[in-house]
Q: 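Dropping a structure here in structure tokens format, bear with me for questions.
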2 protein chains.
Amino acid sequence: MGSTGIHAPAADAAGAPRTREDVVLAAGRLFAQRGYHGTSMRDLGEELGMLGSSIYSHVAGKNELLVEVIRRGAEFFNEVVATASAAGGTAIDELERLIRGHVRVVVGHIDEVRTFLFESRFLPEYDRLKIVEMRDDYEAAYRSAIERGLGEGSIAAGVDPGITAIFVLSVLNALIRWYRPDGGRDADDIAAEMWAFVANGIGAEGSR
Amino acid sequence: MGSTGIHAPAADAAGAPRTREDVVLAAGRLFAQRGYHGTSMRDLGEELGMLGSSIYSHVAGKNELLVEVIRRGAEFFNEVVATASAAGGTAIDELERLIRGHVRVVVGHIDEVRTFLFESRFLPEYDRLKIVEMRDDYEAAYRSAIERGLGEGSIAAGVDPGITAIFVLSVLNALIRWYRPDGGRDADDIAAEMWAFVANGIGAEGSR
DNA sequence: CCTACCGATCGGTAGG
DNA sequence: CCTACCGATCGGTAGG
């Protein structure tokens, strides 16, 4: 078989050894599909073509993998907020950018997002609290964009920014429940449909 | 200690032995909090004040508990659809009733609903498929109410019933993520706030 | 990355 | 519902 002998390290079809990156990506896939507690290190090894015990040469433990996968998910969302806020424009423009960015993250990094949304409760306390904070900040970005729109008059008076931010994020987050990569809609199509619904929900000017 | 001797069965503070009902309710609590794979039969025994092995005198296995908890969650939602559809009235009335009923189920049976929404993927294949069907029917109830509203002219022309049903259910289902029993809002308050958002989203007549 | 393990815990059973 | 177990699997380690 292999030219390096019986004890050659397992490797992928191209012969390259696995990296920490491979391990984290595979962990994201399995955590998203089977859940953190439903995935064993041996399962993960099988996914990578190696033994479960071999994974420990890439990471310190199973927990570290959960932290790393979720940290990546959180980072994608943080980047969206940073970009959308820095771009300027009206509150309505900002909201549209936030939504489009969010949908792109879900569509482009579904495993990390699924793990982020479903498995964060199994994080060690310290990391779990950081994620809770991050979610609060994320929600606050939506709330403050809505408040700005209220000030501009581009969002209907009487809209409650707090609860409305929650509702908008509800629509966005539920995407992981129904999105299918083969569904024929791309990220920006989905974002446009969501925006049509949300714009009416907040009485955005010119929405109907 | 107990008057029935050293080998008296464990019982609650009132001295009553546990029933199958107690076991299923406790399982719902733990599955909702720690997840199905994060809950051991010994954990569940501790919650009930008995040994893990004693649970097998009430149920055949851990899996049966998952099926039973989720079956109950599904039943609550099915009852809402049956009641809301049978009550007559306009499509708008029906939608309002569906939403109010849904929120009441989440608020009143949060453990079963959480388990239903987060742990269904761990169900045995047969039961999992039944739940998928049930969800499709549930979504169809929203879709057909929206279609009826379109026909009545009480919902804005141009609204897509399929995607809109998904968005409305997104707002409803996300309630399990943010609802806190001590939050000062009761079920009907929450339902009214959701309806205000959704009614605008679908351009319900008189919504703004 | 593999071999060869470890102690702990898992779902579950027999018998009372 | 408890006692006393069972085989299987878990996360993880030492050493190469």
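As the structure is a prediction and not an experimental result, all values here were calculated from the model.
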Q: Please find the pair of heavy atoms, one from A:G61 and one from A:Y56, that lie closest to each other, and give the distance.
A: CA-CE2, 3.8 Å
Q: Parallel, tilted or perpendicular for B:H37 and B:F122, by the 30°/60° rule?
A: perpendicular
Q: Taking all non-hydrogen atoms of both residues, which atom of B:R100 and which atom of B:A191 are closest, and how far apart?
A: CA-CB, 3.8 Å
Q: Just so I know, are the side chains of B:I55 and B:R18 near enough to count as touching, which here means a heavy-atom distance under 4.5 Å?
A: no
Q: Just how far, in rounded Å, is C1' of C:dT9 from NE2 of B:H37?
A: 16 Å
Q: Without decimals, in angstroms, what is the distance between A:L30 CG and D:dG11 P?
A: 12 Å
Q: For A:R71, what residues pass the side-chain hydrogen bond (donor to acceptor under 3.5 Å, both in side chains) criterion, not counting sequence neighbours?
A: A:E68, A:E75
Q: Rounded off to whole Å, could you give me the CZ-to-C1' distance for the A:R42 and C:dC2 pair?
A: 14 Å
Q: To check you understand the geometry: which heavy-atom pair defines the closest contact between B:A27 and B:L44, and what is its length?
A: N-CD1, 3.6 Å
Q: On DNA chain D, does the nearest nucleotide to A:S54 precede the nearest nucleotide to A:D43 from the 5' side, or the other way round? Give the residue.
A: A:D43
Q: Find the distance B:F122:CZ to C:dG11:C1' and express it as a whole number of Å.
A: 17 Å
Q: Atom CE of B:M41 and atom C1' of D:dC6: how far apart are they, to the nearest Å?
A: 16 Å
Q: Just how far, in rounded Å, is C1' of D:dT3 from CG of B:L51?
A: 9 Å
Q: Find the distance A:E47:CD to C:dC1:P and express it as a whole number of Å.
A: 14 Å
Q: Would you say A:S40 places a side-chain N or O within less than 4.0 Å of OP1 or OP2 belonging to D:dT9?
A: no
Q: So, A:R185 and A:E193, do they make that salt bridge, N to O below 4.0 Å?
A: yes
Q: Using Watson-Crick pairs (N1 to N3, plus N6-O4 or O6-N4) and G-U wobble pairs, both distances under 3.5 Å, which stems of at least 3 pairs involve DNA chain C?
A: C:1-16 with D:1-16
Q: CE of A:M194 to CD1 of A:I99: how many Å apart, nearest 0.5 Å?
A: 8.5 Å
Q: Contacts to DNA chain C from residues 55-66 of chain A, heavy-atom cutoff under 4.0 Å, which residues?
A: A:S57, A:H58
Q: Out of A:F77, A:Y179, A:F76, which residue meets the ring pair (Phe, Tyr, Trp, His ring centres under 6.0 Å) rule with A:H109?
A: A:F76
Q: Is any side-chain nitrogen or oxygen of A:S53 closer than 4.0 Å to OP1 or OP2 of D:dG12?
A: no
